[in-house]
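Before any comments, here is the structure.
Proteins get letters first, then strands, A, B, ... in listed order; numbering begins at 1 in each.
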Protein chains: 2
Amino acid sequence: MAKQQQEEGPAPKLTINDIARMAGVSKKTVSRVINRSPLLNRQTRAKVEAIIRETGYVPNPQARALALGRNFLIGLVYDNPNLQTILSMQRGVLEALHGTEFELVIRPVDRGSPMVMDDIRRFVTRQRLFGVVIVPPLSENDALARMLDEEGCRYVRIGSATWDDADHMVASNDRDAVADATRYLIAQGHRRIGLIAGPHGFRSAQERRDGFELALADAGIALPRSLVADRHYTFESGLAECESLLDLSPRPTAIFAANDEMAAGVLYAARLRGIAVPEQLSIVGFDDTPITTRVWPPLTTVRWPTVAMRRAAGLKLIGAATGEDAEVGAPSMFSSMLIRRGSVAPPAAG
Amino acid sequence: MAKQQQEEGPAPKLTINDIARMAGVSKKTVSRVINRSPLLNRQTRAKVEAIIRETGYVPNPQARALALGRNFLIGLVYDNPNLQTILSMQRGVLEALHGTEFELVIRPVDRGSPMVMDDIRRFVTRQRLFGVVIVPPLSENDALARMLDEEGCRYVRIGSATWDDADHMVASNDRDAVADATRYLIAQGHRRIGLIAGPHGFRSAQERRDGFELALADAGIALPRSLVADRHYTFESGLAECESLLDLSPRPTAIFAANDEMAAGVLYAARLRGIAVPEQLSIVGFDDTPITTRVWPPLTTVRWPTVAMRRAAGLKLIGAATGEDAEVGAPSMFSSMLIRRGSVAPPAAG
DNA sequence: TTGTAAGCGTTATCAT
DNA sequence: ATGATAACGCTTACAA
């Protein structure tokens, strides 16, 4: 039994033929073992598996990719205005892929470009990707989903609400979460609450805005148009927009920003004007990114379970491949929850 | 001339055979064109190239990978305590790869695990990676570099100083940059300056610490041992360590933190104690990550040209492949520079 | 249940 | 300078 292949050296690459010879079977039989073919004699399988284990043989992914017409790569396609969330997306998907034969290929794209669609198409077809995870705002593009279907590329979309079937979608309930957060503000006694919404055309922005308006309506609070501003999910835009909100008279006593970056901008704007937070202005953000605990005061925010969502997306994608039934049922809906920190207080009297 | 292949549809995949037939040459000749073989008749090449352009033919990467024994994938291996910098690393490498046939595969690892080395070995050999970019602190591991060499995997290391030859290394001059920053603090009048250094065993931490001590020595300022603390490059550790520095009597009038996360922790600690920044305490960080402009006051810091360094690393890696001589000479040394913002002022009188 | 032969799309060898 | 033919390592018919 040749077995110098244990644990070291430049590895004189074993092939399926070597294993077949050692096991005294045909390469096809080895192939069947690798691919978990059901029609195989128990003993034969056991014998081959033993050899594989002893030798540490690993099938060549390139050869499999060529023969199968598909690679063992998962693509992560994104064009996210909020750099902070990119990391947690990656973390989640990587967690799902950990220990499998899949690797993660990342691909930032420019959704503004007229070529996005072709870019992504080339990406998936050229690399013959096993599947892709698509995150907001790109995940809101139905044409993209259709295109991936046409190309025979599996996909899972991440979103702030559900707009595709369970096999293709992992979502959070942003609307409810924001409604809760807004009710919390109202319960603290706030009545003039400003909203710095996300970019027009973003589903997440719309969901969060809807939740906000819903809670206000429920409480019978009218929302003057001047108290709402559409921005770009960036620190700078939060800062800029907060300026105009603070110019209003009477001034809002609280501001809900549709993400933490903008909330940090609001806090900064308040500081620039010498407005004390939370005494004179309460702030609530969304995402629970690290920045919330690095600024002063730490920001009350809505925790968005990004990592868990991405992991679910990854599992959903490869679930079919691994055949592990346990993983096929990766959950499709996740709940965000309010995290109370230091940026909210009852409004100043008067 | 068949040319329905222009711009749409599920793409009935062209192969090298199709191109060969259309051009009236053998597939080997087409292959030569693809691989820029020098021994080719100008006209033959032109003819084949024309067909390729017309049809939009793209060679199948999987087949090439199998035949060549190497993939067109670049790996990014990291185990970075500072999440913030991961993004800029990725951005830089992605920029270098943009428009090429290479894709980026990311691979976080746990350098604490006894299996790291084998993990990475499996990663590069299984995927037959074209090459990998290794970032600190993993890039300081010489055994890792040796192993990659053995496996025939190209690599480029990123570091805070140069410790490998120019082909394998892209570095910054952290020591000089920190010395400059420290001199700036001294020029402002500070004499009791605390240092919150990076983790023991990190080359970047050592370089930055050396720069700090160098500047102090040059100015004839003795550095009490109590003014130096080793920490983990995290916000929490910066916060914790700052507490003990602020307990000293007399208190330091300035603190240099070896990265921005820790500097943010210092700022937070000061706020907790009601110590005004920069009036009563000056702070300087390192990296110039986004957080520096989101806290109040914005942090003076040393800009670390991460994106440019990573791009250079990527170019260096694929330079040999693209054959573009212009890119082979990607620079190997980058300078960090001081960015003055609001967290430094002369020490309070007395 | 297992094996044989023929690909998958490219590159390398060795002629010519 | 170009082409026929055999790899590359695996999978899918199709037999046996």
Please encode protein proximity along nucleotides 3-16 of chain C as a string of B, S and -, counting only heavy-atom distances under 4.0 Å. BB---BBBBB----
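Rounded to whole Å, atom P of dA15(D) lies 17 Å from atom CG of L39(A). The distance between atom CZ of R36(B) and atom P of dA1(D), rounded to the nearest whole Å, is 19 Å. Taking atom CG of residue N71(B) and atom P of nucleotide dC8(D), one finds them 18 Å apart after rounding to whole Å. The distance from atom CZ of R42(A) to atom P of dT2(C) is 12 Å, rounded to the nearest whole Å.
Contact detail for Q62(B) and A65(A): the closest heavy-atom pair is CG-CB, 3.4 Å. When every heavy atom of M117(B) is checked against every heavy atom of M147(B), the shortest pair comes out as O-CE, 3.4 Å.
Here R64(B) pairs with E101(B) under the salt bridge (Lys or Arg N to Asp or Glu O under 4.0 Å) rule; sequence neighbours left out.
Of the possible polar contacts, none joining the N71(A) side chain to the L129(A) backbone as a donor-acceptor pair under 3.5 Å is found.
Ring planes of Y155(A) and H168(A): tilted class, angle from 30 to 60°.
A salt bridge does not link R203(B) with E140(B): none of the charged nitrogens is closer than 4.0 Å to a carboxylate oxygen.
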